[in-house]
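Numbers for residues simply follow the sequence, beginning at 1.
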Amino acid sequence: MSRIGKKAVAIPAGVTATIADGIISVKGPKGTLSMPTVNEIVYALEDGAITVKPANDGKRARAFWGMQRTMVANLMTGVTTGFSKVLEITGVGYRAAAQGRTLNLQLGYSHHVNYAIPEGVEIKTPDQTTVEISGIDKQKVGQVAAEIRRWRKPEPYKGKGIKYRGEFIFRKEGKKK
């Protein structure tokens, strides 16, 4: 039994949710999100909440149960408060600047890295070493953060590179004489 799956997802004030034609649609103050339903799961809209239950007792249905409930909860959170990730850039001469719909990164290469910001995602650079990524779709925000981080992952000796805020970088000792 899924402990997470048993809990109903409450629909906050100002949010409308509909389940029709195999798609869950949620509309809130920040925008509209939708997600396809899975055949092994039964979704029900009742008493101002969405309940998620397995359609049968199969292994696949039980495996999807908690994940689908969490995905529905992410839809609710996205249209009300949104999601954000913060990247920190460490290294001499490493910097970032958001210019319109592109993010200009200087990461020690012989050229600048220009990253095109996808639709539905907003990027701010409060200072040269901080990149704030925000949006209503959790998957898109995480994917954009991972793609930016991929340009220069943090290395274990000096810790230079792009890391998530709060991420621990395991440090190695340098060579000995």
Side-chain angles (χ1 to χ4, degrees), residues 4 9 11-12 14-18 21-38 50 63-64 66-175:
I4 293 171
V9 180
I11 300 172
V15 175
T16 58
T18 57
D21 301 326
I23 294 177
I24 298 176
S25 297
V26 178
K27 186 176 184 184
K30 288 207 174 238
T32 304
L33 287 174
S34 61
M35 167 185 109
T37 60
V38 178
I50 296 177
F64 275 130
M67 179 190 67
Q68 289 297 309
R69 188 262 177 210
T70 302
M71 289 177 74
V72 171
N74 286 342
L75 294 179
M76 299 297 171
T77 306
V79 297
T80 54
T81 59
F83 295 98
S84 66
K85 291 240 182 209
V86 179
L87 298 174
E88 295 173 341
I89 301 172
T90 309
V92 177
Y94 290 12
R95 61 183 62 104
Q99 299 164 340
R101 294 300 297 166
T102 59
L103 177 68
N104 187 315
L105 299 165
Q106 295 176 16
L107 301 171
Y109 296 119
S110 61
H111 54 84
H112 295 270
V113 175
N114 292 318
Y115 181 79
I117 302 170
E119 286 297 317
V121 176
E122 189 177 308
I123 293 182
K124 294 179 192 162
T125 50
D127 57 56
Q128 293 182 337
T129 60
T130 308
V131 179
E132 294 177 356
I133 304 158
S134 59
I136 62 172
D137 189 354
K138 187 175 187 176
Q139 194 276 331
K140 266 189 188 174
V141 170
Q143 183 67 36
V144 168
E147 287 173 3
I148 293 170
R149 184 181 184 270
R150 195 177 317 147
W151 281 102
R152 186 70 87 178
K153 289 184 181 171
E155 51 95 15
Y157 295 102
K158 291 185 178 178
K160 292 179 5 180
I162 303 172
K163 70 179 184 103
Y164 298 111
R165 178 169 282 165
E167 178 183 9
F168 175 75
I169 305 300
F170 181 75
R171 302 301 278 278
K172 291 182 179 178
E173 198 173 331
K175 6 180 206 185

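- Here the side chains of Val79 and Thr32 are not in contact, with every heavy-atom distance at 4.5 Å or above.
- Within a 6.0 Å radius of CD1 in Ile4, no more than 12 heavy atoms belonging to other residues, nucleotides or ligands are found.
- The environment of CG in Asp21 is sparse: at most 12 heavy-atom neighbours from other residues, nucleotides or ligands sit within 6.0 Å.
- None of Val15, Val9, Ile24 except one satisfies the side chain to side chain contact (heavy atoms under 4.5 Å, CB included) rule with Leu75; the exception is Ile24.
- Side-chain contact of Tyr115 with Glu147: a donor-acceptor pair under 3.5 Å is present, judged by distance alone.
- Panel note: side chain Arg101, backbone Pro118; a donor-acceptor pair is recorded below 3.5 Å.
- Looking at Met76 and Pro12, their side chains come closer than 4.5 Å, going by heavy atoms from C-beta outward.
- With a 6.0 Å radius and a threshold of 12 heavy atoms from other residues, nucleotides or ligands, Lys138 has its NZ atom at or below the threshold.
- Looking at Tyr94 and Lys160, their side chains come closer than 4.5 Å, going by heavy atoms from C-beta outward.
- The two residues Ala97 and Thr125 have their closest heavy-atom pair at CA-OG1, 3.9 Å.
- Pro154 approaches Arg149 most closely through the heavy-atom pair CD-NH2, 3.6 Å.
- Across all non-hydrogen atoms, the minimal contact from Val141 to Ser134 is CG2-C, 3.9 Å.
- For the pair Leu87/Tyr164, a side-chain contact is recorded, criterion being any heavy-atom separation below 4.5 Å from C-beta on.
- Closest heavy-atom contact between Ala96 and Ile89: CB-CD1, 3.6 Å.
- Looking only at distances, no side-chain donor or acceptor of Arg95 sits under 3.5 Å from a matching main-chain atom of Gln128.
- No side-chain donor-acceptor contact under 3.5 Å links Asn74 and Thr77.
- Leu103 is listed as a side-chain neighbour of Val131, based on a closest heavy-atom distance under 4.5 Å.
- Here OG1 of Thr37 is found 11.0 Å from CE of Met71. Values are rounded to the nearest 0.5 Å.
- Between atom NE2 of residue His112 and atom CD of residue Gln106 there is a gap of 4.5 Å, rounded to the nearest 0.5 Å.
- In this structure, Ser34 contributes its side chain and Ser25 its backbone to no donor-acceptor pair below 3.5 Å.
- Between Leu33 and Gly78 the shortest heavy-atom distance is CD1-CA, 4.4 Å.
- Under the 4.5 Å side-chain criterion, counting only non-hydrogen atoms from C-beta, Ile50 is in contact with Ile11.
- To the nearest 0.5 angstrom, Phe83 atom CZ is 11.5 Å from Gln139 atom CD.
- The side-chain heavy atoms of Gln68 and Met35, taken from C-beta on, include a pair separated by under 4.5 Å.
- Side chain of Tyr109 to main chain of Trp151: a donor-acceptor pair is present (N/O by atom type, distance under 3.5 Å, no hydrogens or angles).
- In this structure, the side chain of Gln143 does not engage the main chain of Ala146 through any donor-acceptor pair within 3.5 Å.
- Across all their heavy atoms, Ala98 and Ile123 have their closest contact at CB-O, 3.9 Å.
- Within a 6.0 Å sphere centred on CZ of Phe170, other residues, nucleotides and ligands contribute 12 heavy atoms or fewer.
- With sequence neighbours excluded, the residues that form a salt bridge (Lys or Arg N to Asp or Glu O under 4.0 Å) with Arg165 are Glu88.
- Within the model, atoms CD of Glu167 and CD1 of Ile169 stand 4.0 Å from one another, a figure rounded to the nearest 0.5 Å.
- Ile133 has its side chain within reach of Ile148: a pair of non-hydrogen atoms, C-beta onward, lies under 4.5 Å apart.
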